[in-house]
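Report on the structure given below.
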2 protein chains.
Amino acid sequence: MALEHAILVSLLEKPGSGYELARRFERSIGYFWNATHQQIYRVLKRMESDGWVDVREVPQQARPDKKEYSVAAAGRAALRGWLNEPIEPESVRHDLAVKIRGAAFDEPAALISEVERHHQAHTDRLAHYLAGERRDFTGPESPGPPDPGRELQHVVLRGGIAYERMMLAWLDDVLATLHRLAADR
Amino acid sequence: MALEHAILVSLLEKPGSGYELARRFERSIGYFWNATHQQIYRVLKRMESDGWVDVREVPQQARPDKKEYSVAAAGRAALRGWLNEPIEPESVRHDLAVKIRGAAFDEPAALISEVERHHQAHTDRLAHYLAGERRDFTGPESPGPPDPGRELQHVVLRGGIAYERMMLAWLDDVLATLHRLAADR
DNA sequence: TCCTTCTATGCAACTCGTTGCATAGACAAG
DNA sequence: CTTGTCTATGCAACGAGTTGCATAGAAGGA
């Protein structure tokens, strides 16, 4: 499994509590790796008992105290080990593709509104990515050598942008096909 | 869950045994929905006891007998119900993206060969898709009204092709970034 | 001849992931 | 003044998914 590795990367970028991690997974990271707070709390506990992360109790006012996690030496080593292992091409689960093929056995036109919903969701996500890119990756280039972390975050974001653009083009194709089939009867 | 729906669609396209389904999931369907034979056998059994599929024992020579499954009326109804429910935007798990961001905390150049492996895998998959498209979706248009099933299979395949092309372009971008970072030290 | 591969199904044990629920103080809106 | 939302953590139960192993005959290659 690799949720622990995703957590390690996120904590290396910035230490935080389980709750904060869950929010990051909902936002930026969650677009290419998702997890619920339950999973995160359980895995954090295991990582703690394995010595991969250190915990620090942070008292707060006007809100519950939190436990801030940061990566320990053993965690860094574990991450390094994982980085040097080959990984499999990811396993995909495209519900929508299954539905589209399934629509042949029902009413294809009924899918149109569903596909439009997805189109809207991807439009929103693309806008969100582009706003993030403008915010974090434009402006004058900083002097001196480039920051590898920044460069790598940017190339991952460009991947997200490319993915959303591809999806939007494909969903247009799907919609055109569905409309054509609806007209043909 | 939607594995049962993927199985229903596959069985509607063509009845078959658990073993055959597993092979389909390895090949065509598995590119946007994967499952092991264990999962498939277990789910088939449940679907059978729910009356979603019918079984027929098919004796064979020179190989073990098989159970051929086909979709029953209740299965068709279940699929229709699912098709009319909205689904969530799919949950993604891009290990490679996690690795790329993680590489900032180790040696970015070490990822180059890994990314090249993925590039090769996606090149192969694209070639496989394109061969399938040439085989099944070119040639003279059949007379009469178009077959919705065929059209929908084609649009899903076009999605796979678009995905692989996008990935290849992005992986080129990733490689260029990694080489740039390696040169900068 | 032995070893592997292919067809075909399945059990058992385990880990991963999801869902529902619980606590509890602070704060804002109706 | 009650209801809902936000922060923050967690248990318990269940369902989904993975891994290892087992059987067993036929066919093909080292």
Side-chain angles (χ1 to χ4, degrees), chain A residues 1-7 11 15-27 29-30 32-50 53 55-69 82 87-95 98, chain B residues 1-8 10-11 15-27 29-30 32-50 53 55-69 82 87-95 98:
Chain A
M1 93 101 120
L3 173 57
E4 29 200 48
H5 302 115
I7 289 176
L11 288 180
S17 67
Y19 187 83
E20 283 161 357
L21 282 169
R23 310 204 69 219
R24 290 185 215 170
F25 274 78
E26 266 171 31
R27 303 189 201 294
I29 306 171
F32 51 87
W33 196 281
N34 66 341
T36 63
H37 76 275
Q38 290 302 339
Q39 260 182 94
I40 290 168
Y41 283 125
R42 225 183 321 152
V43 171
L44 273 176
K45 202 154 269 186
R46 190 178 63 216
M47 291 167 78
E48 190 194 338
S49 77
D50 290 350
V53 290
V55 201
R56 197 169 58 96
E57 286 270 348
V58 180
Q60 297 186 116
Q61 299 152 347
R63 58 184 58 181
D65 297 353
K66 65 176 182 178
K67 299 184 186 170
E68 195 179 76
Y69 290 88
W82 178 68
I87 47 173
E88 288 308 296
E90 42 260 45
S91 61
V92 189
R93 251 129 210 250
H94 269 280
D95 302 61
V98 177
Chain B
M1 92 100 121
L3 173 56
E4 28 199 49
H5 302 115
I7 289 176
L8 284 174
S10 194
L11 288 180
S17 68
Y19 187 84
E20 283 161 357
L21 281 170
R23 310 204 70 217
R24 289 186 216 171
F25 274 78
E26 266 171 30
R27 303 189 201 292
I29 307 171
F32 52 86
W33 195 281
N34 66 342
T36 64
H37 75 275
Q38 291 301 341
Q39 260 184 93
I40 290 168
Y41 282 125
R42 227 186 315 153
V43 172
L44 273 176
K45 202 155 270 184
R46 190 179 61 215
M47 290 168 79
E48 190 194 336
S49 77
D50 289 351
V53 290
V55 202
R56 196 169 58 96
E57 286 271 347
V58 179
Q60 297 187 115
Q61 299 153 347
R63 58 184 55 180
D65 297 353
K66 64 176 183 180
K67 299 184 186 171
E68 197 178 76
Y69 290 88
W82 177 67
I87 49 173
E88 288 309 295
E90 43 259 45
S91 60
V92 188
R93 249 127 212 251
H94 271 279
D95 301 63
V98 176

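The sequence lines fix the lettering, A, B, ..., with proteins before strands; numbering per chain opens at 1. These figures come from a predicted structure and were not determined experimentally. Values below: all heavy atoms of this structure, side chains included; hydrogens, waters and symmetry mates excluded.
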Between [N] ([atom2]) and [X] ([atom1]): distance, integer Å:
X	N	atom1	atom2	value
A:L21	D:dA8	CG	P	12 Å
A:E57	D:dA8	CD	C1'	11 Å
B:E4	D:dA16	CD	C1'	11 Å
B:E68	C:dT7	CD	C1'	15 Å
A:Q39	D:dA12	CD	C1'	16 Å
B:I7	D:dA16	CD1	P	12 Å
B:E26	D:dT18	CD	C1'	15 Å
B:K45	C:dA8	NZ	P	17 Å

Closest-nucleotide ordering on DNA chain C, the 5'-leading residue of B:D65 and B:R93: B:D65
Nearest-nucleotide 5' precedence on DNA chain C, A:R63 against B:Y41: B:Y41
Residues B:D95, A:H5; criterion side-chain contact (heavy atoms from CB on, under 4.5 Å); working and verdict: CA-CA 9 Å; B:D95 301 63; A:H5 302 115; over 6 Å; no
Side chain to side chain contact (heavy atoms under 4.5 Å, CB included) partners for A:A35, two or more places apart: A:L3, A:F25, A:Q39, A:I40
Set of side chain to side chain contact (heavy atoms under 4.5 Å, CB included) partners for A:R42, sequence neighbours left out: none
B:E4/B:R46 ion pair, N-O < 4.0 Å: yes
Under-4.0 Å side-chain N/O to phosphate OP1/OP2 contact, B:S17 with C:dT7: no
Distance test, side-chain N/O of B:Y19 to OP1/OP2 of C:dT7, below 4.0 Å: yes
Test log, rule side-chain contact (heavy atoms from CB on, under 4.5 Å), inputs A:E20 and A:K66: CA-CA 10 Å; A:E20 283 161 357; A:K66 65 176 182 178; 2.8 Å; yes
Heavy-atom side-chain contact between B:V53 and B:I7 under 4.5 Å: no
Contact letters for nucleotides 19-24 of chain D, in which S counts primed atoms plus P, OP1 and OP2 and B counts the base, heavy atoms under 4.0 Å: BB----
Candidate nucleotides D:dT7, D:dG10, D:dA8, ranked by approach to the side chain of A:K67 - the nearest: D:dG10
Worked check of side-chain contact (heavy atoms from CB on, under 4.5 Å) between A:H37 and A:L21: CA-CA 8 Å; A:H37 76 275; A:L21 282 169; over 6 Å; no
